[in-house]
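Here's the structure we're looking at; comments come further down.
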Amino acid sequence: MDYLEKLKNREELFWKNPKLGNKSKDDFSLSFDGVIEAEMLLKKIAPFIMKKFPETVERNGIIESELTEIPNMKKLLNEKYKSDVPGKIFLKQDNELAVAGSVKARGGIYEILKYAKELLVDNGIINEDDDYSVIASREVNNFLSKYTIQVGSTGNLGLSIGIISRTLGFKVVVHMSRDAAQWKKDLLRSYGAEVIEYEGDYGKAVERGRRLSERNPYSYFVDDENSKNLFYGYAVAAIRLEKQLEELNVQVNEENPLFVYIPCGVGGAPGGIAYGLKEMFGENVHVFFVEPTNSPCMLLGMASGKHRDISVFDIGLSGLTKADGLAVARPSGFVGKVMDEILSGVFTIDDEFLFEYMNDLYSSENIFIEPSAASSFQGVGRLFNDREFQSYITGNIKAKQENINHVLWSTGGSLVPMSVREKLLKK
Ligand SMILES: *Cc1c(COP(=O)(O)O)cnc(C)c1O
């Protein structure tokens, strides 16, 4: 239990998943058809999205972000941390994702649109095969205003769910944990969402929100830890990434492995993306999560085999981190079990270095991302030469290492107000 001592001491580390590639009997009743269904609904609803969010017109109402090579940052990492990473480094810029400004956009918006569509069809307001731009009508808005959407969040899921739900006409209650940034609460209130703040952590906010929602027959609770729709919505990113890689002439095959690094909180967003990527690229993609040293909940759950039956508090950690989106003490059990078979490993990062990477990216590429998102650099930054991680890059992967393409998932940033950015960048 070497990893456990290190976790307790809050040492940065790479943990290699020993169960990678095992096949369990449980298939968690997941199916890639669910991802395709999500992609189809998001296409069908695009005219509505375009109408309500003009910034999406350029992409015909599809909410998607750029994949950008960042050679200057690569050079800086090599000079500053002697990382000497072979291959190319790309940033998947969900920090610029329309509507919600974070990785939560795809999943959150799909979850709510699917619920709204079902309500509208079941009540005879629209037909299954109508043109869904009718959803922008006042009649639909009035009808949906009878219903309340509730969600527990560290910030960005609340923003994603809150913004799309208010746009459709729903009432919204967001249960925010103590770690949520003030500007996120302010922004949600400006959309007319009710924000309830909790002294406790994310787990407490979710628990209260779920209970309050259960008491109201007109209330729907977005369950970040268990929702398959949310998961499928997140996974759509994989279909989109495949196209973008193709456009950039980046191949993914035995000769050209793809390494993907994603910040992890409760596990829904990174889990959905990892699932989608593995379905598409199989053994040629290697997915890694990154978590703060103070809240490595997914690592702890997977490594101990206890999943959501263990929390970082149980090993004496505070759960506190400036990576607000990753301040989660207990992982999603459902996601953790799916990750057992497909995740390559998990990096941890000390808060101090979130701000280093954030500043590094800003100074080298002029791209601003929020602290949680900056954690994605740990694998190609200071831990690239870590012995444990190098022991992952062996055999065939080692032989092809010059061909590895690294994709760092930049999970949020564009909605961060200028005044807050300035403070963050000075740290
Ligand atoms: C939510 C979030 C994550 C992690 O997603 P989970 O589904 O909580 O694991 C990472 N980065 C940012 C910026 C986020 O908002």
Side-chain angles (χ1 to χ4, degrees), residues 65 91-97 99-108 111 151-163 174 176-177 179-181 183-184 187-188 201-203 205-206 222-235 237 260-276 287-292 295-299 301-302 308 319 321-336 338-339 343 346-347 349 354 357-358 368-378 408-416 424:
S65 70
L91 195 66
K92 178 57 180 159
Q93 283 202 264
D94 281 5
N95 52 297
E96 294 288 350
L97 220 42
V99 184
S102 83
V103 67
K104 302 299 192 307
R106 297 183 199 86
E111 163 104 16
V151 63
S153 174
T154 59
N156 285 339
L157 183 63
L159 280 178
S160 171
I161 298 285
I163 292 171
V174 180
M176 286 277 205
S177 55
D179 309 279
W183 67 265
K184 293 181 183 176
L187 184 57
L188 268 170
D201 75 316
Y202 168 82
V206 169
V222 175
D223 191 336
D224 196 13
E225 290 167 39
N226 299 300
S227 168
K228 294 243 163 79
N229 289 332
L230 203 52
F231 189 83
Y232 287 142
Y234 289 136
V260 181
Y261 309 82
I262 322 173
C264 178
V266 74
I273 297 169
Y275 169 77
V287 186
F288 306 93
F289 288 173
V290 191
E291 299 190 297
S295 60
C297 66
M298 185 59 72
L299 196 172
M302 287 178 68
R308 81 173 316 289
T321 167
K322 291 280 187 294
D324 53 350
L326 316 182
V328 178
R330 196 184 289 279
S332 157
F334 135 70
V335 173
V338 176
M339 292 307 108
L343 192 69
V346 182
F347 294 93
I349 178 168
L354 298 172
Y357 295 139
M358 195 177 77
F368 173 82
I369 63 179
E370 62 182 273
S372 300
S375 66
S376 61
F377 281 95
Q378 186 73 324
L408 280 54
W409 219 280
S410 167
T411 45
S414 68
L415 294 188
V416 179
L424 288 171

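In each ligand, atom 1 is the first atom listed, and ligand 1 is the first ligand listed.
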- Message: Any salt bridge linking E370 with K184? Criterion: basic side-chain nitrogen under 4.0 Å from a carboxylate oxygen.
- Response: yes

- For ligand 1, is there an N or O atom under 3.5 Å from any N or O atom of E370? no

- Message: For ligand 1 and C264, I'd like to know whether there is a polar contact (N/O to N/O, distance under 3.5 Å).
- Response: no

- Item | Short N or O distance, G265 and ligand 1, threshold 3.5 Å exclusive | yes

- For ligand 1, find out whether one of its N or O atoms is nearer than 3.5 Å to an N or O atom of P263. no

- Message: With a 4.5 Å cut-off on side-chain heavy atoms, are L91 and F377 touching?
- Response: yes

- Query: Parallel under 30°, tilted from 30 to 60°, perpendicular over 60°: which one fits the rings of Y261 and F347?
  - Reply: tilted

- Query: Is D94 salt-bridged to R106, going by a charged N under 4.0 Å from an acidic O?
  - Reply: yes

- Heteroatom proximity flag, Y234 to ligand 1, N/O under 3.5 Å: no

- Between G412 and ligand 1, does any nitrogen or oxygen pair lie at a separation below 3.5 Å? no

- Query: So is there a nitrogen or oxygen of D224 less than 3.5 Å from a nitrogen or oxygen in ligand 1?
  - Reply: no

- Does an N or O from A269, backbone or side chain, lie closer than 3.5 Å to an N or O of ligand 1? yes

- Could you tell me if any non-hydrogen atom of L326 lies under 4.0 Å from any atom of ligand 1? yes

- Per-atom contacts, ligand 1 versus P270 - under 4.0 Å to a heavy atom: 5 (O), 6 (P), 7 (O), 9 (O)

